[in-house]
Amino acid sequence: MSVKHRTDSIRSMRLVSKGVTPPDDWNDVEQVRTAKKAEIGADCTAAIYAGVEVNGKRYSLTEHDQTEIMAQLSSVKDGATEVPYHSDGELCRMYPAEEFTALAKAATEHVFYHRTYCNHVNAWIKRADLQELNSIVYGADLPADLANSMSALIEAAGGTA
């Protein structure tokens, strides 16, 4: 006996696994847009939380991690020559101010990139028709106008696109 799955049910299961409520009607463009924005938001959060690698060590960037990094960076800016922190799975150690500043910079750039990309994908979702919405996934190349906008923002912020 073979089991046939409707495309809609598979898409719905994928969304539910991400904590996203699927549309009641996959042919209603506004419902699909709402679900797509939630899906992209969940994927953006996952990309941010996955963190960055600095000097061969992985640093997760959950909201708690981001808050702690900013608090320790504030201590460095106030003159601390060392601050305590840790990479994933490692014991806490003292980071020289220069090393911690590099970590904070990498973390900030990572979060900024993903939030900016998510914002641009949401603009794409807002104007996409039903067929195009189905092809939008986190990590996809942006349409040219949005890619140019994102590159300009990153450059203006001092990064490289």
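Below, all heavy atoms of this structure are taken into account, side chains as well, without hydrogens, waters or symmetry copies. Along the sequence shown, residues carry numbers from 1.
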All heavy atoms of Lys105 vs all of Glu109, minimum pair found to be NZ-OE2, 2.5 Å

Between Asp24 and Gln31, the two heavy atoms sitting closest are N-OE1, 2.8 Å

Summary of ring-ring contact (aromatic ring centres under 6.0 Å, His included) pairs that have at least one residue in residues 59-81, sequence neighbours excluded:
none

Separation between NZ (Lys37) and CZ (Arg33), nearest 0.5 Å, reads 10.5 Å

Using only atom types and a distance under 3.5 Å, with no angle test, would you say the side chain of Asn122 pairs donor to acceptor with the backbone of Asn119?
no

If you compare all heavy atoms of Ala42 against all heavy atoms of Val20, which two are closest, and at what distance to 0.1 Å?
CB-CG2, 4.5 Å

For Asp88, give me all partners under side chain to side chain contact (heavy atoms under 4.5 Å, CB included), at least two apart in sequence or on another chain.
Arg58, Ser60

Name each donor-acceptor pair under 3.5 Å that joins a side chain in residues 134-146 to protein atoms two or more places apart or in another chain, with its distance.
residue: Asn134; atom: OD1; partner: Arg11; partner atom: NH1; Å: 2.8
residue: Asn134; atom: ND2; partner: Leu130; partner atom: O; Å: 3.4
residue: Ser135; atom: OG; partner: Glu132; partner atom: O; Å: 2.8
residue: Tyr138; atom: OH; partner: His114; partner atom: ND1; Å: 2.7
residue: Asp145; atom: OD1; partner: Arg127; partner atom: NH2; Å: 2.9
residue: Asp145; atom: OD2; partner: Arg127; partner atom: NH1; Å: 2.7

Less than 3.5 Å apart, which donor and acceptor atoms pair up between the side chains of residues 71-78 and the rest of the protein, not counting sequence neighbours?
residue: Gln72; atom: NE2; partner: Glu68; partner atom: OE2; Å: 3.0
residue: Gln72; atom: NE2; partner: Pro84; partner atom: O; Å: 3.1

Distance check, rounded to the nearest 0.5 Å: Leu103 atom CG versus Thr108 atom OG1?
9.0 Å

Inter-residue atom distance His120.NE2 - Arg115.CZ, 0.5 Å rounding
15.5 Å

Which residues satisfy the side chain to side chain contact (heavy atoms under 4.5 Å, CB included) test with Glu63, sequence neighbours excluded?
Tyr49

Shared hydrophobic cluster for Ile40 and Leu61 (ILVMFWY, side-chain gaps under 4.5 Å)
no

All heavy atoms of Ala80 vs all of Ala97, minimum pair found to be O-CB, 3.6 Å

Report yes or no: do Trp26 and Ile125 belong to one cluster of Ile/Leu/Val/Met/Phe/Trp/Tyr joined by side chain heavy-atom distances under 4.5 Å?
yes

Between atom CG of Asp43 and atom NZ of Lys36, what is the distance when rounded to the nearest 0.5 Å?
8.5 Å

ILVMFWY cluster, Met94 and Phe100 together (side-chain gap under 4.5 Å)
no

If only side-chain N and O atoms count, and only distance matters, is there a donor-acceptor pair under 3.5 Å linking Asn148 with Ser151?
no

Mind checking side chain to side chain contact (heavy atoms under 4.5 Å, CB included) for Tyr113 and listing every partner two or more places apart, or none if nothing turns up?
Tyr117, Met150, Ile154

Return the CD to CG distance between Glu39 and Leu133, rounded to the nearest 0.5 Å.
10.5 Å

Does any part of the side chain of Val16, heavy atoms only, come nearer than 4.5 Å to the side chain of Pro22, both counted from C-beta?
yes

